[in-house]
Trainee: 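Quick one: structure below, then a few questions.
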Amino acid sequence: EVQFVESGGGLVQAGGSLRLSCEASGFIEDGYVIGWFRQSTGKEREGVAATVKGTTNTYYVDSVKGRFAISSDNIKNTAYLQMNNLKAEDTAIYYCAASAQVTLGDIRPLATELYEFWGQGTQVTVSS
């Protein structure tokens, strides 16, 4: 079974940058939507960005537009989340997952209940 392994988290000052990686342990077909999600203490898990494997199509929630960039490398079977101009409110555990049930044009392309292959997450802490 496919599983994702996230890495790249850490402690960074506000205004700094981090790049998260999400490596899949098995094959995921092109066309799957790869999503990045985050969960901070006491809050529900929320999606932040998505891309369609095998394309350059992307989707971002408003709170990260212009600051985060999602990408994927089919050869390395890895997705990335470049996070710039980080803010204290970006502090969370970041997860990636994949879905064959959504498209980027859906009303809720980052509906967590439609995603699978969740990893263990990587902690991002932004100090103000």
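Just so you know, these numbers use all the heavy atoms, side chains as well, and skip hydrogens, waters and symmetry mates. Residue numbers start at 1 and run along the sequence shown.
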Trainee: Answer with yes or no whether the hydrophobic clustering places Val102 together with Leu81; edges join I, L, V, M, F, W, Y residues whose side-chain heavy atoms lie under 4.5 Å apart.
Mentor: yes
Trainee: Under a single-linkage definition using a 4.5 Å side-chain heavy-atom cutoff for Ile, Leu, Val, Met, Phe, Trp and Tyr, are Val33 and Val2 assigned to the same hydrophobic cluster?
Mentor: no
Trainee: Looking at Lys87 and Asp90, is there a salt bridge between them, counting it only when a charged N and a carboxylate O are closer than 4.0 Å?
Mentor: no
Trainee: Same cluster or not: Ile93 versus Leu11, using hydrophobic residues (I, L, V, M, F, W, Y) connected whenever any side-chain heavy atoms lie under 4.5 Å apart?
Mentor: no
Trainee: Checking side chain to side chain contact (heavy atoms under 4.5 Å, CB included) between Leu104 and each of Asn57, Thr51, Thr55, which is the one that passes?
Mentor: Asn57
Trainee: Taking all non-hydrogen atoms of both residues into account, name the closest pair between Trp36 and Cys22 and its distance.
Mentor: CZ2-CB, 3.4 Å
Trainee: Identify the heavy atoms of Ile28 and Phe117 that sit nearest to each other, and give their distance.
Mentor: CD1-CD1, 4.4 Å
Trainee: OG/Ser127 to CG/Leu86 distance, rounded to the nearest 0.5 angstrom?
Mentor: 10.0 Å
Trainee: Name all pairs fulfilling the side chain to side chain donor-acceptor pair (under 3.5 Å) condition that reach into residues 5-15, sequence neighbours left out, sorted by first residue then second.
Mentor: none
Trainee: Heavy atoms only: give me the nearest Ser99-Leu114 pair and the separation to one decimal.
Mentor: OG-O, 2.8 Å
Trainee: Check the pair Ile34 / Phe4 against side chain to side chain contact (heavy atoms under 4.5 Å, CB included), numbers first and verdict last.
Mentor: CA-CA 10 Å; Ile34 309 298; Phe4 285 117; 4.0 Å; yes
Trainee: Heavy atoms only: give me the nearest Thr78-Lys76 pair and the separation to one decimal.
Mentor: OG1-O, 2.8 Å
Trainee: Just how far is it from atom CZ of Phe37 to atom CG of Leu110, taken to the nearest 0.5 Å?
Mentor: 5.0 Å
Trainee: Is there a donor-acceptor contact under 3.5 Å from the side chain of Asn77 to the main chain of Ser25?
Mentor: no
Trainee: Kindly compute the distance separating CG (Leu20) from CZ (Phe68), expressed to the nearest 0.5 Å.
Mentor: 8.0 Å
Trainee: Enumerate the residue pairs fulfilling side chain to side chain donor-acceptor pair (under 3.5 Å) with a member in residues 113-123, sequence neighbours excluded, ordered by first and then second residue.
Mentor: Arg108-Glu113, Gln123-Thr125
Trainee: Taking the cut-offs as 6.0 angstrom to the six-membered ring centre and 45 degrees off its axis, would you call Arg19 and Tyr80 a cation-pi pair?
Mentor: yes
Trainee: Grouping I, L, V, M, F, W and Y whenever their side-chain heavy atoms are under 4.5 Å apart, do Val5 and Leu18 come out in a common cluster?
Mentor: no
Trainee: Does Ile70 offer a backbone N or O that forms a donor-acceptor pair with the side chain of Tyr60 under 3.5 Å?
Mentor: yes
Trainee: For Ala92 versus Ser40, what's the shortest heavy-atom pair and its separation?
Mentor: CB-N, 3.8 Å
Trainee: Applying side chain to side chain contact (heavy atoms under 4.5 Å, CB included), run through Arg38 and Glu46 and close with a yes or a no.
Mentor: CA-CA 5 Å; Arg38 65 187 180 189; Glu46 62 171 356; 2.8 Å; yes
